[in-house]
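What follows is one structure encoded as structure tokens, with my remarks underneath.
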Amino acid sequence: MKIVVTGGLGFIGSHTVVELQNEGFDVIAIDNLLNSSESVLDGIEKITGKKPIFEKMDLRDKASVQNFFKKYNDVQGVIHFAASKAVGESVENPLLYYENNINTLVYVLQELKELPNANFIFSSSCTVYGQAEKMPITEDASVQQAMSPYGNTKQIGEEIITDVAKVTNINSILLRYFNPIGAHPTAEIGELPLGVPQNLVPFITQTAMGLREKLSVFGDDYPTSDGTAVRDYIHVVDLAKAHVVALQRLLNKQNLEKVETFNLGTGTGSSVLEVINAFEKVSGQKLNYQIVGRREGDVIEAFANTEKANSVLGWKAASSLEDSLSSAWKWEQKVRNKQ
Ligand code: WQD
């Protein structure tokens with residue numbers, strides 16, 4: 001069974017390629033290498049013993065997308081990760097985000113709808129909920145006005161998929177990720193550090209490695225247990241496994257609707273200070289940090305109600321926060337020792 005993974009050499013994409021290969025799928029990974037590296041293929045091969053077919057391609061080029069699906073017209077499904085994902089950057093450069101996250105989705109769907117097996121898994125985000133009223137967040141929580149162009153592209157993406165499903169043979173599952181962290185336990189693949197990390201965990205591991213002088217904690221005056229913001233940090237391997245389960249649901253025609261939505265989280269919220277304490281415990285290192293002002297656009301808290309994914313998908317996150325942080329730390333040490 002051939003499966004296309006767009007953004008297949010990216011952080012979540014590469015971990016999903018590994019889990020697909022572990023389940024015996026033949027994978028075609030598409031990536032434009034703007035935010036990843038071809039060496040990720042070697043890491044995948046070290047883990048699974050085989051490299052996916054790799055097509056270096058920019059999905060913003062419509063003709064390339066058309067040619068790709070002419071060549072691979074026997075694929076059974078597409079898992080679509082390819083997108084830009086930095087919230088702050090999206091505010092500075094919205095057109096980059098609308099082109100890269102929306103046009104590419106449209107071009108892929110235009111080709112997918114012509115295939116006999118049009119199964120589509122979409123990488124969405126808990127960002128669509130904004131600051132949800134009720135915790136833990138369920139899939140029927142209202143989608144709020146996006147707080148960034150990045151978040152808006154995820155909302156628009158979901159709407160496009162829903163409209164297209166009504167008039168085509170495409171069956172889709174929208175996966176709303178909470179906060180993906182960590183790396184494969186072999187440390188052969190992980191989150192590639194390009195530039196100053198925007199996200200908490202790579203900033204923590206780089207600070208512990210001495211690459212960053214100190215971590216700035218964005219605000220400790222939130223209405224939470226310790227004043228710092230709360231998120232649901234899910235191990236990237238657990239997230240990857242959920243994609244395989246969701247794909248198999250569509251392949252086995254078990255989906256009850258043409259578009260189904262699932263939150264992917266652990267169901268547990270952790271504050272920034274709790275993440276720091278957990279990291280210090282697993283690394284055995286004190287972390288240098290300071291409390292500064294809040295970051296624009298941050299929500300107070302967001303963690304998932306995972307009952308639907310648990311009961312309908314039959315999937316549950318297995319890794320604890322400490323497991324995830326330990327894998328992130330192992331990856332950081334390996335990346336730095338190679339350099
Ligand atoms: C987590 C917490 C920060 C950095 C974003 C996207 C989301 C998804 C994950 C793509 C917050 C605090 C962070 C730092 C800090 N990305 N923090 N100091 O903002 O919850 O979610 O990334 O799909 O869509 O919105 O993740 O890791 O940036 O922040 O105190 O140097 O850590 O304020 O409370 P976020 P994050």
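Remember, it's 1-based here, ligands and their atoms both numbered in the order they're listed.
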Those atoms of ligand 1 less than 4.0 Å from some heavy atom in [X]:
X: V87; result: 6 (C), 25 (O)
X: Y150; result: 10 (C), 23 (O), 24 (O)
X: N179; result: 9 (C), 20 (O), 21 (O), 26 (O), 35 (P)
X: V217; result: 30 (O)
X: A229; result: 34 (O)
X: T127; result: 7 (C), 24 (O), 25 (O)

Would [X] and [Y] count as having a side-chain donor-acceptor pair, cut-off 3.5 Å?
X: R176; Y: Y129; result: yes
X: E89; Y: Y97; result: yes
X: S326; Y: D323; result: no
X: T266; Y: D232; result: yes
X: E158; Y: S124; result: yes
X: T153; Y: N101; result: yes

Legend entry - V272-ligand 1 polar pair, N/O distance under 3.5 Å: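 No, there is no polar N/O contact under 3.5 Å.
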Inset, instruction - Check whether any N or O atom of F203, backbone or side chain, sits under 3.5 Å from an N or O atom of ligand 1, and answer yes or no. - result: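 There is no such contact.
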Which part of [X] is near ligand 1, with near meaning a heavy atom under 4.0 Å away: side chain, backbone, both or neither?
X: Y289; value: neither
X: Y177; value: neither
X: Q198; value: backbone
X: S216; value: backbone

Inset, instruction - Evaluate the ring planes of F68 and Y72, with Trp represented by its six-membered ring, and classify them as parallel (under 30°), tilted (30 to 60°) or perpendicular (over 60°). - result: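 Aromatic pair F68/Y72 classed tilted.
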Inset, instruction - Establish whether atom 13 (C) of ligand 1 and some protein heavy atom are separated by less than 4.0 angstrom. - result: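 Given the 4.0 Å cut-off, atom 13 (C) of ligand 1 counts as touching protein heavy atoms.
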Inset, instruction - Indicate, with yes or no, if the rings of Y177 and H243 have centres closer together than 6.0 Å. - result: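 Close enough - the centres of the two rings lie under 6.0 Å apart.
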